[in-house]
Protein chains: 2
Amino acid sequence: MPKSQKNALSAQDWAEAALEAIGRRGVEGVAVEPLARELGVTKGSFYWHFTNRDALLTAALARWEARETDEVLARVQQETDPRARIKRLVTEVNTSRRASRIYTALSSATKPSFVREYVERVSQRRLQFLVDCYAALGLGPERARQWALQTYSVFLGSLQIRRDLPDEWPAADDPAFADYVRFLMVSLLPPEARTEDNEHNGGTTADTPAPDPQAVAQSR
Amino acid sequence: MPKSQKNALSAQDWAEAALEAIGRRGVEGVAVEPLARELGVTKGSFYWHFTNRDALLTAALARWEARETDEVLARVQQETDPRARIKRLVTEVNTSRRASRIYTALSSATKPSFVREYVERVSQRRLQFLVDCYAALGLGPERARQWALQTYSVFLGSLQIRRDLPDEWPAADDPAFADYVRFLMVSLLPPEARTEDNEHNGGTTADTPAPDPQAVAQSR
DNA sequence: CGTTGTCCATACGCCGCCGTATTGACAGGG
DNA sequence: CCCTGTCAATACGGCGGCGTATGGACAACG
């Protein structure tokens, strides 16, 4: 069974290109022939790797779901203190313009109906993660849910504002950005847990030894 | 110049149908022939009222912009107290599922490039309205902007959550909804202005005599 | 009763995309 | 060598949507 016979494309390459197209042109913009042109090949290649366009979309969605749940949450979970985790999630909004474009594109997509399932699962896991964070701060289930919904709203709304009003949003390197994040954390943490305004610990669970491997920047 | 010769369609009818299609199938879903079928006519009718598809989209967008700025803000401005206005804006999220679907569809649209201009103007005016509300509470420009950004994020994020996780969002008639709104208002009002947790006044500007004409419900 | 202007139906050519069928290049393994 | 399996180019039919061209139908008005 021979393998790479030169510059052979893989199904993963197609799925990644599909994700890129989703971010730039929306789900409807994932068309086989234009994608093939961008990859420097023709449809003949595509229909060897996939049975049809829907199969490509499912592959892309599976990739997206993996990245937006396991990987991101694993990164955030390096922070052990719930406050630091929450702050980390809020700042993660500014990590990738591309990721936010893909999310909003998928969220507003309707045509391949199975897209909604993926969006729902990813959102569900993100929200549950926040609920757990607030529960770890000692809040009851109802209160934790309310705080989590509020924080997740800010998270999603920030994505939207960055897209609709890019001029109103401070760049990640702008000092106003750090100011705004500090401001947000005051509203997004219950008063009992508001011991520090920075990513230091407070004493509810554990310490925060993570050296912040993935930084905030890379935006714009 | 004869006018209505029976059940004649107007350009407004087409624009309204286009808006409906945007909400249900996205901007790409605004196709002339399917729309004509839904209206019980053929393309011949359309190309009498409009020169092409882009003209229809601009008409629909103009309609949308008028409704989402002047009309909504005029309604909210019936509240004279800034706190009541802010609360009103937050609860208005739940007035119309249709309006939120149209907004997210437009926000994620890319293909007719002029769509972005409309979205930007509407977002700009909404945010500015919030900035004015917080300025009326006595905050300085920088603080008012931070509070407004936070509130607008919650506003937009709530739209998104209602769409992505409909089961996690309390219905407008659910008592949990009123609970959540009260909870939000605590975080969304600066401490100095947090005199009441309800829609009563506090004494910064004037009273709140509006009899709440458009209620919250109609959701789901 | 013809004329004029409004509103719509029908028919056509075009283009972009989907999916299939067929053929071909090219690498390894026997 | 040839044979098999991998990856891709080409060619084709079909469909749905856009825009045009033309020809009514039908009211109002003289």
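Residue numbers start from 1 in every chain, and the chains themselves are labelled A, B, ... in the order their sequence lines are given, proteins ahead of strands. The basis for the numbers below is simple: all heavy atoms, side chains too, and nothing from hydrogens, waters or symmetry mates. Just so we're clear, the structure is a prediction, and the values are computed from it rather than from any experiment.
- The side chain of A:R37 places no N or O atom within less than 4.0 Å of a non-bridging phosphate oxygen (OP1 or OP2) of D:dA9.
- Rounded to whole angstrom, the span from the CH2 atom of B:W14 across to the C1' atom of C:dC8 amounts to 10 Å.
- Residue B:T42 has its side chain nearest to C:dA9 when only C:dA9, D:dC18, C:dC18 are considered.
- Contact check, B:H49 against C:dT6: no side-chain N or O comes under 4.0 Å of OP1 or OP2.
- One side chain, B:R143 or B:Q146, offers a donor N or O that lies under 3.5 Å from an acceptor on the other.
- One can place CG of B:N52 at 17 Å from P of D:dG17, the figure rounded to the nearest angstrom.
- Regarding A:F50, its CZ atom lies at a distance of 14 Å from the P atom of C:dC18, rounded to whole Å.
- Nucleotide D:dA8 holds its C1' atom 10 Å from the CH2 atom of A:W48, rounded to whole Å.
- Distance B:K111 NZ to C:dC17 C1': 12 Å, rounded to the nearest Å.
- The side-chain tip of A:R126 does not point at the ring of A:F129 from less than 6.0 angstrom away and within 45° of straight on.
- For the pair B:D13 CG and C:dC7 C1', the interatomic distance rounds to 13 Å; values are reported in whole Å.
- Among A:Y47, A:W48, A:F50, A:F46, the single residue meeting the ring-ring contact (aromatic ring centres under 6.0 Å, His included) criterion with A:W14 is A:F46.
- We find that CZ of A:R53 is positioned 15 Å from C1' of D:dC15, with the value rounded to whole Å.
- Using a 4.0 Å cut-off between charged side-chain N and carboxylate O, A:D70 and A:R125 make a salt bridge.
- Nucleotides of DNA chain C nearest to A:V32 and A:G44 differ in position, and the one nearer the 5' end is that of A:V32.
- Where A:E33 and A:G40 each meet DNA chain D at their nearest nucleotide, the meeting point lying more 5' is that of A:G40.
- In this structure, the CG atom of A:L39 is 15 Å from the P atom of D:dC7, given to the nearest Å.
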